[in-house]
Amino acid sequence: MTQLQGFLGYVLAIQLVSFLFTFRFYMAAGRAWWEAAIPIYKTYVLLKLIDRPVWWLPLFLIPVINNVMAIIAAYELLHKFGFKKTYHTVVTILTFGVYMGYLSFTQKLIFGEKDGKEIRKRLGETIPALIFAVVVASFIRFFTFEAYTIPTPSMEKSMMVGDFLFVSKMHYGTRMPTTPLALPLMHDRIPFTQMPSYLRWFELPYGRLPGLQSVKRNEPFVFNYPMDSDLPLDKRMNYVKRCVGVPGDTLEIINQQLMINGAPSAYDQATRLQFTYYVQTNGINFNKTTLKKRFDIYYGSVDEMQTGYSFGDVIQIGQTEYLITIPQDLVEDFRQLNNVEQVIALNALSDPLDYADSLPNTMKRYLAQYASPSAAIFPNPQDHKSVPFKWTRDNYGPIWIPEKGKSVTLTDDNIHMYHRIIRVYEGNEFEDKGNNTFVINGETTNTYTFKQNYYWAMGDNRHNSEDSRFWGFVPEDHILGKPVFVWMSYDKFASNIADKVRTDRVFTLVNPSGERKSYFWYAFVVGLLIYVGNKVYKKRKKN
């Protein structure tokens, strides 16, 4: 069964079940039985029965939001037929409407008027207002913007831990949810629990509304983590990285320099890359305050350094030796610190024998142990039995990024790059027979034509980013939106309370074409004018 067939079957089943549960209510209200069977029109009639405006109708057509609207409609329809107890609605929800159908066949149905006083008595003013707020917020989140927080330092210093963003879904086209049976305003879990916020009884096929633009090279973008393939598409973890390669590009990294189609990748002024460096001192320790203020380098605690995992930018590996993550544009200034004797880029080579004899042994041992070619680097097999691609995070590729409609000749050498695309992302039955022979959907072939576009994602914090170098391509259907605006930025590593809010980042564009500029005071003035104007309007209206 295809996704389209499954979708049509689901829609047909929902229409049939809802008809069986409601048609007797329609007849008791003086409507024809067949009116409960016609999609969309039956919702229009239902709104008339419960005395609700027709403009509500589109809300019943939006996945996830329609779940809330169905509960509202069920409550008010039951109320008009005298089933006013709270348990009537609760049991209807818990049985997915079966109880409502049970009432229609076992109870005498008498259509009455909606008692607004009774509804307010049972629900008060707060609950309807909250429900309406949830519907409005869900609508905005679904179609326009979604709030997002930068949780990890993979995009430092371009996008920083503690940045609160608005992500535009309109730029690349709003993606339709694949799990319509879900709670609104939640991702994959109900807050403070491990319970899923959705049901997997049915999943919609991928669909996207027209967008304002396609994903452009070197723009930051938000997408669902492709390796979470055991979860529904829209419930996979959200990642934010920079799109450094678009469909059809050939990407390569040579000594930390990213090359696209044979030329060095060009970045705009807002992009701030950073790498980890081997630093040797004269024995004098670093001043943590100086590192933070001059270079925005966070010197973590001893406990953090010992665990090997933290947001800290400094790891001490010897009495006078450190590994320090430094913004690329500040490396030369860092070299001028009085206690610094040498700063060497941690450039991981494919062959440990290629490291110069002059490099410190500590540095060479670290690179050989933690940054050498391994099964962790895409597209090497994950079974750890072989490492056919002798690539590292700093010397990688070349690799071609698949483009929709383009074909590739499959070989034993390149199948590691594309087998996940064929099997997982594009849903084909796939078997590797060896000797350059492959079986796709039962047919023996050595070519494959891609069904969608793919992208390459990398973090600006190049040595502290889990990105495409480790798990591969980003499918187009995984793309969620474009980060556009930082409305708040909180620095949890700042020692002074006054420095906790990064005022220079509040109300700024995520990827400005020139220097970063805060629009906070513009927004403040506009908000103040709106507030004063509203006060004046209400006062005049009252008089």
Side-chain angles (χ1 to χ4, degrees), residues 136-177 185 187 208-225 234 236-246 265-273 453 455-461 465 467-468 474-491 501-527 530:
V136 172
S138 299
F139 184 88
I140 294 173
R141 182 175 183 263
F142 178 83
F143 281 107
T144 57
F145 296 93
E146 182 174 352
Y148 185 85
T149 305
I150 300 296
T152 66
S154 67
M155 284 294 290
E156 299 269 338
K157 299 297 184 189
S158 302
M159 301 169 68
M160 305 178 72
V161 174
D163 277 355
F164 293 80
L165 314 174
F166 284 132
V167 175
S168 169
K169 296 185 175 181
M170 300 178 292
H171 275 77
Y172 306 139
T174 299
R175 191 183 66 192
M176 313 306 288
L185 302 179
H187 191 53
R208 189 183 295 273
L209 299 178
L212 302 177
Q213 64 166 86
S214 59
V215 181
K216 295 180 180 179
R217 191 185 296 115
N218 289 330
E219 280 189 343
F221 68 142
V222 176
F223 54 91
N224 296 114
Y225 180 44
D234 59 342
R236 297 172 189 175
M237 187 185 304
N238 292 336
Y239 269 32
V240 58
K241 307 287 182 186
R242 190 172 300 279
C243 174
V244 298
V246 297
S265 183
Y267 299 101
D268 55 34
Q269 193 171 354
T271 303
R272 295 186 67 199
L273 302 182
N453 287 319
Y455 300 83
W456 196 263
M458 288 175 60
D460 289 354
N461 190 353
S465 173
D467 53 38
S468 289
V474 179
E476 186 172 30
D477 61 8
H478 282 56
I479 294 173
L480 185 63
K482 178 180 180 178
V484 293
F485 193 71
V486 179
W487 62 271
M488 179 61 181
S489 187
Y490 178 79
D491 187 356
V501 176
R502 303 185 186 102
T503 55
D504 60 323
R505 298 185 66 82
V506 175
F507 277 64
T508 62
L509 298 178
V510 168
N511 201 46
S513 56
E515 291 186 9
R516 185 177 296 274
K517 178 181 179 181
S518 175
Y519 295 89
F520 173 78
W521 290 111
Y522 297 93
F524 177 80
V525 171
V526 171
I530 293 174

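No donor-acceptor distance shorter than 3.5 angstrom exists from the side chain of Ser465 to the backbone of Met458, with no hydrogens or angles considered. Using modelled atom types, no side-chain atom of Tyr148 and backbone atom of Val222 make a donor-acceptor pair closer than 3.5 Å. A distance-only check finds a donor-acceptor pair linking the side chain of Ser158 to the backbone of Arg272 [under 3.5 Å]. Proximity of a side-chain donor or acceptor of Lys169 to a complementary backbone N or O of Arg141 within less than 3.5 Å is detected.
Nearest heavy-atom pair, Val215 versus Phe221, reported as atom, atom and distance to 0.1 Å: CG1-CD1, 4.2 Å. Scanning both residues, Ala147 and Phe166, for their nearest heavy atoms gives CA-CD2, 4.3 Å. For the pair Arg217 and Val244, the tightest heavy-atom approach, listed with the atom from each and the gap, is CG-O, 3.5 Å. Of all the heavy atoms in Arg208 and Ile479, the pair that sits closest is NH2-O, 2.8 Å. In terms of heavy-atom proximity, Arg502 sits nearest to Ser489 at NH1-OG, 2.8 Å.
Between Asn461 and Ser154, the side chains place no donor N or O within less than 3.5 Å of an acceptor N or O (distance only, hydrogens not considered).
For Phe143, the CZ atom sits in a packed shell: over 12 heavy atoms of surrounding residues, nucleotides or ligands are nearer than 6.0 Å.
Salt bridge absent: Arg242 and Asp467 never bring a charged side-chain N and a carboxylate O closer than 4.0 Å. Taking 4.0 Å as the cut-off between side-chain N and carboxylate O, Arg175 and Asp234 do not count as a salt-bridged pair.
In this structure, the separation between NZ on Lys157 and CZ on Arg505 is 9.5 Å, given to the nearest 0.5 Å.
Phe142 has its side chain within reach of Pro177: a pair of non-hydrogen atoms, C-beta onward, lies under 4.5 Å apart.
The only member of Ile150, Val161, Asp163 that meets side chain to side chain contact (heavy atoms under 4.5 Å, CB included) when paired with Glu156 is Val161.
Side-chain rings of Phe507 and Phe520 approach one another, their centers coming within less than 6.0 Å.
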